[in-house]
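Report on one structure; see the data block that follows.
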Amino acid sequence: MKAKYITTIFVLTILSMLLTACGGAIPTNSIPGVSAAGDTAYLANAGEVFAIRLADGGLNWKYPAENAESGRFYYAAPVPAGDYLLAGDYLNTLHALNASNGFQQWAYSQAGRFVASPLVVNDVIVAPNSNRSVYGFDLNGTLLWKFGSTEAFWAQPVTDGTLAFVAGMDHFLYAIQPDDGSLAWKTDLEGAMAYGPAVGEGKVYQTTIASELIALNAADGVVEWRFKADSAIWMQPVLRDGILYFGDIQGNVYAVDEATGFQKWKLSMENEPLMGTPAVLENGLVFSSETGNIILVDYNGNKQWNRTIDGKLYSGVVLADETLLVGVTKGKVALVAFDLSGNQKWVYPPQD
């Protein structure tokens, strides 16, 4: 009963934060969006987007260059796309910034609030939105198509190189043709989805807030098996060597066989609500916990190390070359960088 109560409170807290973002009010606490490309980390936090050097945490540029515009707020992680950096905000705008200097190249401002990051597939930008729509743009910002649904989209799409798989808060997983936005198939998974699926050979593997991991045929959306976890799953699963790894918000880490959906092992870590996609290392997975911990779990289900950050962690861990990047909510800093052994390298903004 206690675990069920904690799960309910946790899910309601996150939903409240995102629903506030999708409504008229501006959230008082940012959930930083983090990505990386080459030697640069990108951070979308509060009303600004930052390009930060991986080597030392120094600032290359920020957008806007001066003070942030009142009412403009970012949540989704910026997405590198060739010479552009794509960043959606809560003022209904998708920005394309010059990745080298942060100057805005174009903007589309006739959508709703962007909670999810876009995906680029074959020079088409697939951009989910909280206004129950998915937008397709070319790289110059021209609207190519618009796909409608019944509820908001909060998950970044995933592709197998042909289709874009878009997870909806309406319980449907959609497979969309990126070139024209036409629907290939949709499947009701009986639970809302905050993250997109993992993609395997001819299959997709989707987690839900209804505590399930579900395997579907990528060609037609037919469900092949379902795995029931102990509590809500707020992360994208990781597929490695035939095994699917993920955590739930009760603090359980699971290893599930890709072919059968049978559990290989489970590691229980009480009071560690796990969310956000983990970083994949050679020796294990680095998970982040709402309580401020990042935790390395090896592929046999053993906890190897734990590091604690002052703040709450909702966005997972990003691996950038030899650096682990963690966005921080309600902390003194917005971004912390670690080496692969869990030693802190730098923080942003720098502290005296």
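Heavy-atom basis, side chains included; hydrogens, waters and symmetry copies ignored.
Using modelled atom types, no side-chain atom of Asp248 and backbone atom of Ala232 make a donor-acceptor pair closer than 3.5 Å. Under a 3.5 Å cut-off, the side chain of Asn300 and the backbone N or O of Asn302 do not form any donor-acceptor pair. Within the 3.5 Å criterion, the main-chain N or O of Arg113 finds a donor-acceptor partner in the side chain of Ser130. With hydrogens and angles ignored, the 3.5 Å screen pairs a side-chain donor or acceptor of Gln236 with a backbone N or O of Pro197. Of the possible donor and acceptor atoms, none in the side chain of Asn129 sits under 3.5 Å from a partner among the backbone N and O of Arg132. Judged by distance alone, with hydrogens and angles left aside, the side-chain atoms of Ser341 form no donor-acceptor pair with the main-chain N or O of Asn343 at under 3.5 Å. The backbone N or O of Met235 lies less than 3.5 Å from a partner atom in the side chain of Thr207, making a donor-acceptor pair. At distances below 3.5 Å, not a single donor-acceptor pair connects side-chain atoms of Trp106 with backbone N or O atoms of Leu94. Listed for the Trp145 side chain is a donor-acceptor partner under 3.5 Å among the backbone atoms of Pro178. Side chain of Ser288 to backbone of Met275: a donor-acceptor contact under 3.5 angstrom is found.
Nearest heavy-atom pair across Leu325 and Ala36 is CD1-CB, 4.1 Å.
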Next item on the list: I would like to know whether Leu335 and Trp346 meet side chain to side chain contact (heavy atoms under 4.5 Å, CB included); could you show each step before the answer?
Entry: CA-CA 9 Å; Leu335 183 64; Trp346 49 261; 3.9 Å; yes

Notebook entry, point to check: Is there a side-chain hydrogen bond (donor to acceptor under 3.5 Å, both in side chains) between Thr323 and Asp321 once you walk through the steps?
Noted result: CA-CA 6 Å; Thr323 301; Asp321 194 16; over 6 Å; no

Check: Step by step, would you call Asp89 with His95 a side chain to side chain contact (heavy atoms under 4.5 Å, CB included)?
Finding: CA-CA 8 Å; Asp89 67 29; His95 305 262; 2.7 Å; yes

Margin query: Before you tell me yes or no, could you show the steps for Val158 and Leu119 under side chain to side chain contact (heavy atoms under 4.5 Å, CB included), namely the whole-Å CA-CA distance, both residues' side-chain angles and the distance that decides it to 0.1 Å?
Written below: CA-CA 7 Å; Val158 176; Leu119 170 75; 5.6 Å; no

Next item on the list: Just do the side-chain hydrogen bond (donor to acceptor under 3.5 Å, both in side chains) check on Gln304 and Asn283 with the steps written out, would you?
Entry: CA-CA 9 Å; Gln304 296 297 320; Asn283 59 336; over 6 Å; no

Margin query: Does Asp160 form a side chain to side chain contact (heavy atoms under 4.5 Å, CB included) with Val204? I'd like the steps, not just the answer.
Written below: CA-CA 9 Å; Asp160 62 357; Val204 291; over 6 Å; no

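Exactly one residue among Ile233, Leu189, Thr187 makes a side chain to side chain contact (heavy atoms under 4.5 Å, CB included) with Gln206. That residue is Leu189. The only member of Asn252, Asn306, Thr291 that meets side-chain hydrogen bond (donor to acceptor under 3.5 Å, both in side chains) when paired with Glu272 is Thr291.
Counting heavy-atom neighbours within 6.0 Å of Lys332 NZ, excluding the residue itself, gives a total of 12 or less. Within a 6.0 Å radius of NZ in Lys264, no more than 12 heavy atoms belonging to other residues, nucleotides or ligands are found. In this structure, Asn140 places its CG atom where more than 12 heavy-atom neighbours from other residues, nucleotides or ligands lie under 6.0 Å away. The neighbour count for Asn67 CG, taken as heavy atoms of other residues, nucleotides or ligands under 6.0 Å away, does not exceed 12. Surrounding CD of Gln351 are more than 12 heavy atoms belonging to other residues, nucleotides or ligands, all under 6.0 Å away.
Cluster membership check: Leu267 shares its hydrophobic cluster with Val280, using side-chain heavy-atom separations under 4.5 Å among Ile, Leu, Val, Met, Phe, Trp and Tyr.
Under the ring pair (Phe, Tyr, Trp, His ring centres under 6.0 Å) criterion, Phe287 pairs with no residue, sequence neighbours left out. Every residue two or more places apart in sequence or in another chain that forms a ring pair (Phe, Tyr, Trp, His ring centres under 6.0 Å) with Phe246 is listed here: Tyr254.
Inter-residue side-chain proximity for Tyr174 and Ser149 is flagged as met; some heavy-atom pair is nearer than 4.5 Å. With a 4.5 Å cut-off on side-chain heavy atoms, Asp180 and Leu144 do not count as touching. In this structure, the side chains of Val34 and Ser315 stay at 4.5 Å or more apart for every pair of heavy atoms. Between Val253 and Trp265 there is a side-chain heavy-atom pair separated by less than 4.5 Å. Looking at Asn293 and Met269, their side chains never come closer than 4.5 Å, going by heavy atoms from C-beta outward. No side-chain heavy atom of Lys146 sits under 4.5 Å from any side-chain heavy atom of Gln110. Side-chain contact check for Asn122 versus Asp179: every heavy-atom pair is 4.5 Å or farther apart. Ile125 has its side chain within reach of Leu139: a pair of non-hydrogen atoms, C-beta onward, lies under 4.5 Å apart.
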Donor-acceptor list for residues 43-53 side chains, cut-off 3.5 Å, not counting sequence neighbours:
residue: Asn45; atom: OD1; partner: Ser30; partner atom: OG; Å: 2.9
residue: Glu48; atom: OE2; partner: Lys62; partner atom: NZ; Å: 2.9
residue: Arg53; atom: NE; partner: Asp56; partner atom: OD1; Å: 3.0
residue: Arg53; atom: NH1; partner: Asn60; partner atom: OD1; Å: 3.3
residue: Arg53; atom: NH2; partner: Asp56; partner atom: OD2; Å: 3.4

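Taking the six-membered ring where the residue is Trp, Trp185 and Phe165 present tilted rings, their angle falling between 30° and 60°. Below 30°, between 30° and 60°, or above 60°: for Phe114 and Tyr135 the angle between ring planes is between 30° and 60°, a tilted geometry.
Judged by the 6.0 Å and 45° rule, Arg240 forms a cation-pi pair with Tyr299.
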